[in-house]
Amino acid sequence: MFYYLFKSIVLVPLLRCLFRPRVEGLEHLPESGAAVIAGNHLSFCDSFLMPATVKRRITFLCKQEYFTGRGLKGRLTAAFFRGCGQIPVDRSGRGAGQAAVEEGVRVLGRGELLGIYPEGTRSHDGRMYKGRTGVAEMVLRSGAPVIPCAMIGTFEAQPAGRRLPRVVPITIRFGEPLDFSRYAGLADQRLVLRAVTDEIMYAILKLSGQEYVDTYAAEAKARAGYTGGAGAGAGIAARPGVPAARAS
C-alpha cells in the first residue's frame, strides 16, 4: 500500500515535474507475470525514475546498509525502503552473491517484476561495464523473460558522488523481451550463464549507445581509486566461483 501511495502522490509528480522523462517502449512490459527488467546503472536516481514510469511495482534488491543506518536519517531511510517493499541483501561473506540470487528467484516466483543492474555497481564514468552472471541464473531458474532497459541522461543528472541532481533531459528506453527458454535446465553451466549475461548486456548497450568496457565496473573503480557511494540494486552477483557483484 505504501509503495503505490508514495509513487502516485509523491514520486511520479515530483520526477515528472523535475525531469519530464521521455519514455520509449512501454509496450514491451508485460501486464502480468514475472519478468526481469535489466538496466544500465548510471545514477542513484535510476531506481526512482524507472519505477516512476511503470504502472506495475518493481522490486529491487538493495544493499543491507540502507536498512541498518543510525539516527533519524537512518531510521527514515530504512522505513522508506521497507515501505516500498525493497529487499535487503547482505553483501559480505562468500555466500552473499548466492543469497541475492535466491532472493531474486523468490520475487520472480511470485510473478513480480524484478529490477536488476547486471553491472552490479554504478558506472563512475558513464561507460557500460561487463555484466555479472547472477542475473542469468535468476532468469534460467525462474524462466522469466528479460526486458532490457536503458537510462539515458541520468549520469549527467546525478553521477555517483553528487548529492543533488541537475535538471537535464532524460530518456528511459525499454527494449523487446529476451527469451532464454532455450537454455532451460542449464543454470549450473558457467559458460551458458556467461553467454546469457552477455546477450542481455548487448541488448542494453544497443538501447543506451554507451561505450562498452570489457571488465567489471568494481575492478575499474578500484584501479581508478574511486571511493564514491553506492545505490540500490546492488548485490546482484554470480554463482559460487564467479566474482560477486558489489556496491551499486
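This chain uses plain numbering: 1 for the first residue, then up along the sequence.
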Below 4.5 Å, heavy atoms only, C-beta onward: do Ile200 and Pro148 meet side chain to side chain?
no

Could you check whether Gln210 and Asn40, counting side-chain N and O atoms only, form a donor-acceptor pair closer than 3.5 Å?
yes

Output all residues satisfying salt bridge (charged side-chain N to carboxylate O under 4.0 Å, His left out) with Arg182, sequence neighbours left out; order by chain, then residue number.
Glu199

Tell me, with the steps shown, if Tyr183 and Leu193 meet side chain to side chain contact (heavy atoms under 4.5 Å, CB included).
CA-CA 9 Å; Tyr183 295 119; Leu193 296 180; over 6 Å; no

Do Ile152 and Leu29 share a hydrophobic cluster (ILVMFWY, side-chain heavy atoms under 4.5 Å, transitive)?
no

Against Thr121, only a single residue in Arg132, His41, Glu219, Lys221 fulfils side chain to side chain donor-acceptor pair (under 3.5 Å); can you say which?
Lys221

Heavy atoms, side chains only, cut-off 4.5 Å: are Val196 and Thr133 in contact?
no

Answer yes or no: is there a side-chain heavy-atom contact under 4.5 Å between Glu24 and Ile172?
no

Contact between Thr215 and Lys130 at the side-chain level, heavy atoms closer than 4.5 Å - yes or no?
no

Rounded to the nearest 0.5 Å, how far apart are OG of Ser123 and CE of Met128?
9.0 Å

Any heavy-atom pair between the side chains of Tyr117 and Asp46 that's under 4.5 Å?
yes

Shared hydrophobic cluster for Ile58 and Met151 (ILVMFWY, side-chain gaps under 4.5 Å):
yes

Any chance you could measure Leu114, atom CG, to Ile147, atom CD1, to the nearest 0.5 Å?
12.5 Å

Is the distance between the ring centroids of Tyr212 and Tyr202 under 6.0 Å?
no

Got a sec, which pairs hit ring pair (Phe, Tyr, Trp, His ring centres under 6.0 Å) with one end in residues 121-173, sequence neighbours left out?
His124-Tyr129, His124-Tyr226

Could you measure the distance from the CZ atom of Arg173 to the NE2 atom of His28? Nearest 0.5 Å is fine.
11.0 Å

For the hydrophobic clusters of this structure (ILVMFWY residues joined by side-chain heavy atoms under 4.5 Å, transitively), does one cluster hold both Val135 and Val213?
no

Any side-chain heavy-atom pair of Glu119 and Met201 under 4.5 Å:
yes

Test side-chain contact (heavy atoms from CB on, under 4.5 Å) applied to Arg106 - qualifying residues, sequence neighbours left out
Glu102, Glu103, Arg110

Considering all heavy atoms, the nearest Leu108-Ala144 contact
CD2-CB, 4.2 Å

For the backbone of Gly33 and the side chain of Arg56, can you confirm whether one donor and one acceptor N or O come within less than 3.5 Å of each other?
yes

Distance, nearest 0.5 Å, that separates CG of Leu113 from OG of Ser32:
9.5 Å

Could you see if Ile116 belongs to whatever hydrophobic cluster contains Leu178? Use Ile, Leu, Val, Met, Phe, Trp, Tyr and a side-chain cutoff under 4.5 Å.
yes

Check whether Arg166 reaches the backbone of Glu156 with its side chain - one donor and one acceptor, N or O, closer than 3.5 Å.
yes

Rounded at 0.5 Å granularity, tell me how far CG in Leu42 sits from OG in Ser208.
7.5 Å

Under 4.5 Å between side-chain heavy atoms, counting indirect links through other Ile/Leu/Val/Met/Phe/Trp/Tyr residues: same cluster for Leu207 and Val54 or not?
no

pair Leu61-Met138: side-chain heavy atoms closer than 4.5 Å:
yes

For a 4.5 angstrom cut-off between non-hydrogen side-chain atoms, does Pro51 reach Phe60?
yes

Rounded to the nearest 0.5 Å, how far apart are SG of Cys149 and CD1 of Ile204?
8.0 Å

Asp198 (side chain) donor-acceptor with Ala195 (main chain) under 3.5 angstrom:
no

